[in-house]
Number of protein chains: 2
Amino acid sequence: MARILLVEDDISMGFLLVDFLESNGFDVKLYKDGKKGLEAFRKGKYDFCILDVMLPGMDGFTIAENIRQEDKKVPIIFLTARSMKQDKIKGFQLGVDDYITKPFDEDELLYRIKAILNRINLQEESSKEDITRFTIGSYQFDAANQNLEGNGFAKRLTQKECDVLKILCLSKNEIVKREDILIAIWGENDYFHGRSLDVFIAKLRKYLKEDESVSIENVPKVGFVLNG
Amino acid sequence: MARILLVEDDISMGFLLVDFLESNGFDVKLYKDGKKGLEAFRKGKYDFCILDVMLPGMDGFTIAENIRQEDKKVPIIFLTARSMKQDKIKGFQLGVDDYITKPFDEDELLYRIKAILNRINLQEESSKEDITRFTIGSYQFDAANQNLEGNGFAKRLTQKECDVLKILCLSKNEIVKREDILIAIWGENDYFHGRSLDVFIAKLRKYLKEDESVSIENVPKVGFVLNG
DNA sequence: CTTCTTTTAACATCGCCTTAACAACAGATA
DNA sequence: TATCTGTTGTTAAGGCGATGTTAAAAGAAG
């Protein structure tokens, strides 16, 4: 679970927050002093920081500044009794992600934390590239460019040809069910789409016939296997 | 620059925001009606959404729900006169990124937008933006000077001709999706902009026909490839 | 106004996908 | 074995949406 660094000098507020966040599945470390908080950040690995602005030792702005110097990404939320505009602007300029004025609603804080963490997770997910290049016997298949090339031979596939071949490639040497292909590409499994699929299989077989070690095998009433 | 979809029925508030955001370098589209706003989102590609909660036609929650169905990532901020806790929680559950109650401070809104965009942009790279000179077969294309020259031949390209050719050059020998070109140049993907693109492709083909090793290949229903 | 660029319109053309038609095949039944 | 039946293999035709192309209208800049 996500580790949160909380720096807050008000003891009752601090424990309240720790309780609340821990009961929501976060792993929270509480520090009451600015310098100690920053020190802890440098030593440990935190996914999230919640900083009070008014602190003994070192104020929230300074902590944020220091944190940003070594970590440009870790989300930071400020807690403040003040709702002064200048304070908020200063915070955002330091790369703070959100700003919450006391007294605040715990649930709202929770949702704001979740909103920011979600954004990070989505970002990481989308940076995973999907596989687009496959080797099929002596062929090279580039799904992104809809391009199939063998020795001397090169063919630009149509979108549907490409879709079908990609699905087969993703489960090479394994059975892919007719139904799964139909649902994935056409969104429905009926007689006519089934016949369309058969037409595309025939086309792909033609393209792939140069290398006789490659074949698209039919498993009657079940589906197809790309062997190679 | 970042494109913002703003849905706000209060006319004066709407224009105020548009003015303010545009003067801060954003490209803002304003819709006063919920349904129209959602429709616009589906057609164009937006980097950011700012939705009023109370709207005629379709309320902000419903818009957000629909937007989240097709785009899990685009940041959404709610504007609301109400500061009801239940409303806020509902919003965050829909995957909203922030929640701002009216009357709000424009600068604070701006910094909140920037905070969220910063988080997204941290991982993005913009290395391709600066390239301006390309070799296309026996042609030389200088995007900065909108100049295309072949043997003996030299042609000053118009802005849009240049934009289209540049995008194709940046992914030479690779498929560039129609949609991507339309979004990059026109900001939205609809029928008429699509036909405009086809017109520009025809023009570019004419300019490039001197070297027959160069071609702009159509990949039906997907996009184009600059071969050379 | 003129001049240049972009969009819209109109019509021609292309080619992908579906559908149809028939052949081949496998499995079931007797 | 032969026959029946449903599935798949294969090719071809046609519809229809997408694209190619040119010209006219609209827009922008001076």
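Chain A is the first sequence line, chain B the second, and so forth, proteins listed ahead of strands; every chain is numbered from 1.
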Can you say whether the rings of Y99(B) and F78(B) are parallel (under 30°), tilted (30 to 60°) or perpendicular (over 60°)? perpendicular
Tell me whether the rings of F200(A) and W186(A) are parallel (<30°), tilted (30 to 60°) or perpendicular (>60°). tilted
Rounded to whole Å, please give me the gap between [atom1] in [X] and [atom2] in [N].
X       : N       : atom1 : atom2 : value
L208(A) : dT10(D) : CG    : P     : 12 Å
L197(A) : dT19(C) : CG    : C1'   : 15 Å
E161(B) : dT7(C)  : CD    : P     : 11 Å
R205(B) : dT21(D) : CZ    : P     : 6 Å
K203(B) : dC4(C)  : NZ    : C1'   : 10 Å
L157(A) : dC17(C) : CG    : C1'   : 15 Å
L204(A) : dT8(D)  : CG    : P     : 16 Å
F200(A) : dT10(D) : CZ    : C1'   : 14 Å

Taking NZ, NE, NH1 and NH2 as the nitrogens, is one of them in [X] or [Y] under 4.0 Å from a carboxylate oxygen of the other?
X       : Y       : answer
D47(B)  : R3(B)   : no
R195(A) : D198(A) : yes
R156(A) : E217(B) : yes
R42(B)  : E70(B)  : yes

With respect to the side chain of [X], which nucleotide from [options] is positioned closest?
X       : options                   : answer
T158(A) : dC17(C), dT6(C), dT18(C)  : dC17(C)
Q159(A) : dT22(D), dC17(C), dT18(C) : dC17(C)
K160(B) : dT6(C), dA9(C), dA12(D)   : dT6(C)

To the nearest 0.5 angstrom, please state how far the OH atom of Y139(A) sits from the SG atom of C169(A).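 Nearest 0.5 Å value for the OH-SG distance: 12.5 Å.
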Taking only side-chain N and O atoms of R195(B), does any of them lie within less than 4.0 angstrom of OP1 or OP2 on dT7(C)? no
Would you indicate, yes or no, if dT6(C) has its OP1 or OP2 atom less than 4.0 angstrom from a side-chain nitrogen or oxygen of S196(B)?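 No.
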Given that V199(A) and H193(B) both sit by DNA chain C, which one's nearest nucleotide is further toward the 5' end? H193(B)
Contact list please: residues 210-228 of chain A against DNA chain C, heavy atoms, distance less than 4.0 Å, in numerical order.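 Under 4.0 Å from DNA chain C: no residue of residues 210-228 of chain A.
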Sub-4.0 Å heavy-atom contacts from residues 162-192 of chain A onto DNA chain C, ordered by number: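 W186(A), F192(A), in order of number.
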Indicate, with a heavy-atom threshold strictly under 4.0 Å, whether K206(B) touches base, sugar-phosphate, or nothing.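 Sugar-phosphate: the residue K206(B), judged by heavy atoms under 4.0 Å, touches backbone atoms but no base.
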Would you kindly say whether Y207(A) and E161(A) are connected by a side-chain donor-acceptor distance under 3.5 Å? yes
Could you verify whether a donor N or O on one side chain and an acceptor N or O on the other, from S12(B) and D10(B), lie under 3.5 Å apart?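 The criterion, which ignores hydrogens and geometry beyond distance, is satisfied for D10(B) and S12(B).
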The single option from L51(B), L30(B), I50(B) passing side-chain contact (heavy atoms from CB on, under 4.5 Å) against E8(B): L30(B)
